[in-house]
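Sequence lines set the chain letters: A, B, ... in the order given, protein chains first and strands last, and positions in each chain run from 1. Worth saying up front: this structure is predicted, and the values here are computed from it rather than measured.
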Amino acid sequence: MALIEQSLNRRYSLYVHEELDELSESFTITDPSISGHPIVFASLGFLKMSGYSKEEVIGKNGRVFQGPRTNRRSVMEIREAIREERPIQISLLNYRKDGTPFWMLFHMSPVFSKDDGSVIHFVGVQVPISPKPRRSRSGVGRNGVNLCEDGSRMRGDIVFGSCRREVCSDSLVELGPVLDLESVLDSDSRGLDIEETCEASDLEKQRAANAIENISSLLTRYSEITGRLVCERRCSLPGAGVLSSSLIISLGRIKQSFVLTDPHLPDMPIVYASDAFLRLTGYARREVLGHNCRFLSGEDTDPSTLSKMKESIRVEQACTVRILNYRKDKSSFWNYLHISPVRNASGKIAYFVGVQIEEGCKDQVRHGLSPEMRQLGAVGAVRVAVRSLSIGAGPSMS
Amino acid sequence: MLRIKRVPTVVSNYQKDESEEAARREGGCGRNCLNKCCIQGAKLPLYAFKPLNKIVGDKALPGHESSQPPVAFLDSLLLGEWEDRMQKGLFRYDVTACETKVIPGGYGFIAQLNEGRHLKKRPTEFRVDKVLQPFDGSKFNFTKVGQEEVLFQFEPSEDGEVQFIPNAPIDVENSPSVVAINVSPIEYGHVLLIPRILECLPQRIDRDSFLLALYMAAEAESPYFRLGYNSLGAFATINHLHFQAYYLAVPFPIEKAPTKKITTLDGGVKISKLLNYPVRGLIFEGGNSIEDLSNTVSDACICLQDNNIPYNVLIADCGRRIFLFPQCYAEKQALGEVNAELLDTQVNPAVWEISGHMVLKRKKDYEEASEENAWRLLAEVSLSEERFQEVSALIFEAIASVDNGNGNATQSSLEEPDAKPKSHEEVDAIHPAMVAGTKECLVLH
């Protein structure tokens, strides 16, 4: 939970919260670097629209707002956009806390680190889609017809200004009535067949794009103050040792203690460390990323064990050792360590994974599966993530 | 009788050469297999799933935290056991060393170069004009695999909670369903789900087995862990009931294809057809319960197999979306209607290929892989529009007759193993005119 609270503060100056709260749009900000890709900020507009309290939403993954009638193909398209670290605009059926569904235009866009090109956050804007005349045939009835007349009149009235600010204020004025119409429609259409798709109007699309623009420029502005700059478009190619956000999201699902090291970088540094690893060793993520694993060893670590590990890395074979390691606070523990090469989509070794089990750790046995099997499961899950998420990158990356 | 020659896939190390005499050790046949000779006293891990009535996956609703299951089914159990077998050297090759890529283009077909999968074996003749064939115990079947190739037993839980027993005796009387490795994997985690393995069921869908497969997809909780089924005549090579499954965190082209809704059934199951995809197929989604969805798809499959129409099934998105493809490639091949260039690639268009995941055997084909080539191959698999309409009508009629005619039909469950699929005669009685002729030659329609 501390990670979630820190997510915005690490990048932006403290006042960013207040500024974001002032925006009337419905939007969320998620952090792909935290396990579960949770929501780290939800706007007041979002809470109002979804009916949830802030506490119920922060820390959750956006998929919890989907329901039985949410189009699965659309869900997949969003997953793909996250994976490819690109913006997406798509109509989606979401569910409020009280279980009622509503159509909205979802516009999601990544925010990159100016420094190393990695994705820092995803901003997701939700614009409610007003009902369309042709959709009323499925039985919305008398009210539906009225609503649609309203809807079309409204759309006709709006004139795009050349100044973005104008369009925005128009949208804000309009937001109220649309929400009202929505609630009328919902009480009426509950239990009726929700249409397969619901196309957003150009205005709604524009409104979503404007909201993204606003939020992104606000975030950019507030990152300038901290010096840890973000930008809307990737300004630099991901640097050496920077994993894609989609790989980080996948690795974040794996609960075991493990690290990935990159054998193609000098001194084979850690490029990923799981939450469980940080808990086990007592270090913070930034203290281990970019460093060789040798900081885990200490004066009583057996040198022959270390050379056995080195040898298996040299010959690119898996090995399991029992090694004395040290935490940040200098306390030692016996680490039942499994190391294995991990290949990318071109079949070449991209990383080595090291999965740790603290010997004598009782709580690992209560799960019924032996610690050894869970260790191997983590290796398998890492293999699938690395292989699958390098597949789009074309031929040989390393 | 229509036959094709093809190199059968070696799914078990005990399939390599059936005349080969295994070294005899103490007790049993020496292979430590699953037959009567070796099964006494054998133990395997047992994973008992919670037979929920709803499709799981989005459990973590705000304010409704679910308790952690004792074992993460996919990430710890399945992958852990699989990795264990990999380190024991049971697979014929390291599939993660096989190069794979997304073919440039709008569809995102996935190609893999796999030169190891089809070595050694001689081509064998397969009869492709009979979708239902009786089980033949003299041929290779999964009771002959070594116990080390079996990962665990997969059963519905008796007390409604997920259970895991690391060393559970095999209850021969109850014929457990098991998950075993495929020693020629096409991706990491490639396994076979063999329902009620000791009953020696032929490759033929029934409601209970299909529901079991759906539960496995739901239990995995990952949209990237998919199950597939090939009927005889649609590139299944082993006539012993089995589903395949593997883990690849890439969307399949089929999952991205646009769809058009045809109808929603009383049970809430929505049926659509694929648009803008080289293979014509139906998609089943939704349903008031997982059983509604399962029964509808099973009945569609049963209708196809009873009418001797070969087909493939893909279970995607944790069991939420099921794709059904009637196909006619093998028949065309047997009749000499597939062009030599396509046959040369030796790609057998089974469920994974149809879904857009192409495993190529020759480096040349891999390097030259293009959307156009993939499309051309898959277009050969598809029924013609006219024939597809006909087959769809057959399916809808079968589903509707079950839906309306028999209220009990939707109540079949894992606890009622006696629920019989509709017999051939019954189906004939419903639409004799359409069935006559289909047993002869599908292509000529």
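In terms of heavy-atom pairs under 4.5 angstrom with chain B, the leader among A/Q375, A/H338, A/E77 is A/H338. Between chain A and the residues B/P45, B/P251, B/G189, B/P166, the most heavy-atom pairs under 4.5 angstrom are made by B/P251. Put simply, of A/I254, A/V384, A/V379, A/V386, the one with the most heavy-atom pairs under 4.5 Å next to chain B is A/V384.
Side-chain contact of B/E83 with B/Y188: a donor-acceptor pair under 3.5 Å is present, judged by distance alone. Judged by distance alone, the side chains of B/E187 and B/W352 never bring a donor and an acceptor atom under 3.5 Å apart.
Heavy atoms closer than 4.5 Å to chain A are found nowhere in B/Q163, neither backbone nor side chain. When heavy atoms are compared at a cutoff of 4.5 Å, A/M373 approaches chain B by way of both its backbone and its side chain. Proximity to chain A (any heavy atom under 4.5 Å) is shown, for B/A316, by neither the backbone nor the side chain. At a 4.5 Å heavy-atom cutoff, the contact between A/A318 and chain B is made by side-chain atoms alone. Looking at A/E372, there are no atoms closer than 4.5 Å to chain B (heavy atoms on both sides), in backbone or side chain. Looking at B/L113, there are no atoms closer than 4.5 Å to chain A (heavy atoms on both sides), in backbone or side chain. For B/P258, the parts sitting under 4.5 Å from any heavy atom of chain A are the backbone and the side chain alike. Only the side chain of A/R387 comes within contact range of chain B, with heavy atoms under 4.5 Å apart.
A cation-pi arrangement is not found for A/K97 relative to A/F65, the charged atom failing to lie both closer than 6.0 Å to the ring centre and inside a 45° cone about the ring normal.
A salt bridge is absent between A/D275 and A/R279; no separation between the charged side-chain nitrogens and carboxylate oxygens falls under 4.0 Å. Using a 4.0 Å cut-off between a side-chain N of Lys or Arg and a carboxylate O of Asp or Glu, B/D94 and A/R343 qualify as a salt bridge.
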Taking it one step at a time, do B/R321 and A/R73 satisfy side-chain contact (heavy atoms from CB on, under 4.5 Å)?
CA-CA 9 Å; B/R321 301 180 82 199; A/R73 192 167 154 265; 4.1 Å; yes
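B/F73 and B/F152 have perpendicular rings, their planes meeting at more than 60° on a 0 to 90° scale where under 30° would count as parallel.
Between A/S244 atom OG and A/E85 atom CD the span is 5.5 Å, to the nearest 0.5 Å.
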